[in-house]
> 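Just passing along the structure, written as C-alpha cells.
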Amino acid sequence: MHDHPELPLDPDTENIDLVGATRARPLHLRASSIALVFVGGTLGVAAREGLSLAFPTTGMPWTIFAINVAGALVLGVLLEALARSGPDEGRRRGLRLLAGTGFLGGFTTYSALAVDATALLAAGDATAGIGYGLLTVLVGGVATFAGILVASLRRPARSEAAR
C-alpha cells in the first residue's frame, strides 16, 4: 500500500487505515472539496480578468507579471499561516482549498505567462521574451519566500510556542 515506509502517509491522497475507522474517500475526490476549488477558482479568474481589463497592456505584459507575483506572495503567506495554525483539517483545509488552490490558482496564470513570452519571442524580441519569463519565475519565487517569511514572523509555530 505504501511504497516508502520511511515517509509519512498523505491523508489527502492515501486511504489510511485507522483502528475501527472506515476508509474515507480521498480529499481530491470529495464533492465538497471540488466545489470549494471550483468556487475559489471562478472568483480568482474573475479577479484576474477584471485587473487585465482595468490595466490593459501593450508591449510588455506587466499586469500579468504583477498578478503572478502578487499571487505568489499571498500564497506564501496563506500556506505558511495555515501550516503554523495547526493540522490541515476542517476549516483550515477548506480555506486552503478555497483560497489557495481555488482563488489563487485561478488568479495566477502561468499559461498567460507562456503565451505572453511566446508573443514577445514571435515579435522578434528574444531578450524581452526570455527576460520576461525568467523575471516572472524568479521574482515569483522571491515573493513566495517573502510571504512565508512574513507569515512566520507574525505568529510562532505551535511546536515553538509550546516550548
Side-chain angles (χ1 to χ4, degrees), residues 3-4 6-8 10-14 26-30 33-88 91-157 159-160:
D3 295 338
H4 299 281
E6 72 279 6
L7 299 175
D10 182 355
D12 287 350
T13 59
E14 300 182 42
L27 181 65
H28 68 282
L29 296 177
R30 295 179 193 162
S33 298
I34 294 168
L36 285 171
V37 172
F38 178 81
V39 168
T42 300
L43 295 172
V45 168
R48 172 172 31 99
E49 182 64 11
L51 288 171
S52 295
L53 293 173
F55 303 100
T57 47
T58 55
M60 193 65 75
W62 292 115
T63 301
I64 297 299
F65 173 82
I67 286 168
N68 284 333
V69 171
L73 175 74
V74 173
L75 189 60
V77 169
L78 174 69
L79 295 182
E80 181 67 16
L82 288 173
R84 288 175 170 272
S85 67
D88 187 33
R91 289 187 192 136
R92 286 183 199 94
R93 181 178 290 159
L95 181 59
R96 176 177 57 87
L97 292 173
L98 179 71
T101 306
F103 184 86
L104 292 169
F107 183 68
T108 58
T109 171
Y110 282 88
S111 60
L113 161 67
V115 169
D116 292 339
T118 301
L120 291 168
L121 291 169
D125 197 347
T127 303
I130 293 168
Y132 173 71
L134 287 174
L135 186 67
T136 301
V137 171
L138 292 174
V139 174
V142 170
T144 302
F145 179 76
I148 292 168
L149 182 63
V150 165
S152 70
L153 294 173
R154 183 171 167 246
R155 180 170 149 185
S159 61
E160 294 171 16

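Remember, it's a predicted structure, so these values are computed and weren't measured experimentally. Values below: all heavy atoms of this structure, side chains included; hydrogens, waters and symmetry mates excluded. Sequential numbering from 1 along the given sequence is applied to the chain's residues.
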> Ala72 and Gly140: which non-hydrogen atoms are nearest, and at how many Å?
CB-O, 3.4 Å
> Measuring from Leu79:CG to Thr101:OG1, what's the distance to the nearest 0.5 Å?
7.5 Å
> Between Ala151 and Ala81, what is the shortest heavy-atom contact and its length?
CB-N, 3.8 Å
> To the nearest 0.5 Å, how far apart are OH in Tyr110 and CD1 in Ile64?
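Here the interatomic distance stands at 11.0 Å.
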> Could you give the distance from OG1 (Thr144) to CD (Glu80), rounded to the nearest 0.5 Å?
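Thr144 OG1 to Glu80 CD: 12.0 Å, rounded to 0.5 Å.
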> Check Gly106 against Arg48 and note the closest heavy-atom contact, atom names and distance.
O-NH2, 2.8 Å
> With a 4.5 Å cut-off on side-chain heavy atoms, are Leu98 and Val39 touching?
yes
> Work out which heavy atom in Leu75 is nearest to a heavy atom in Gly100; give both atom names and the distance.
CD1-CA, 3.8 Å
> Can you tell me how far apart CG (Leu97) and CZ (Phe38) are? Round to the nearest 0.5 Å.
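It comes to 15.0 Å.
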> With the side chain counted from C-beta on, respond yes when Ser52 and Ile67 share a heavy-atom pair under 4.5 Å apart, and no when they do not.
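Of all side-chain heavy-atom pairs linking Ile67 with Ser52, at least one is under 4.5 Å.
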> What's the separation between atom CH2 in Trp62 and atom OG1 in Thr57, rounded to the nearest 0.5 Å?
10.5 Å
> Could you report the tightest heavy-atom contact between Ala47 and Phe103, atom names first, then the distance?
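So the minimum-distance heavy-atom pair works out to CB-CZ, 3.9 Å.
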> Please check: side-chain N/O of Asn68 versus main-chain N/O of Thr109, any donor-acceptor pairing under 3.5 Å?
yes
> Quick check against the 3.5 Å criterion: does Thr108 have a side-chain atom that pairs as donor or acceptor with the backbone of Gly71?
no
> Does the plane of the ring in Phe65 sit parallel, tilted or perpendicular to the ring in Tyr132? Use 30° and 60° as the thresholds.
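Answer is tilted, since the angle falls between 30° and 60°.
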> Please round to the nearest 0.5 Å and tell me the distance separating atom CZ of Arg91 and atom CG of Leu82.
13.0 Å
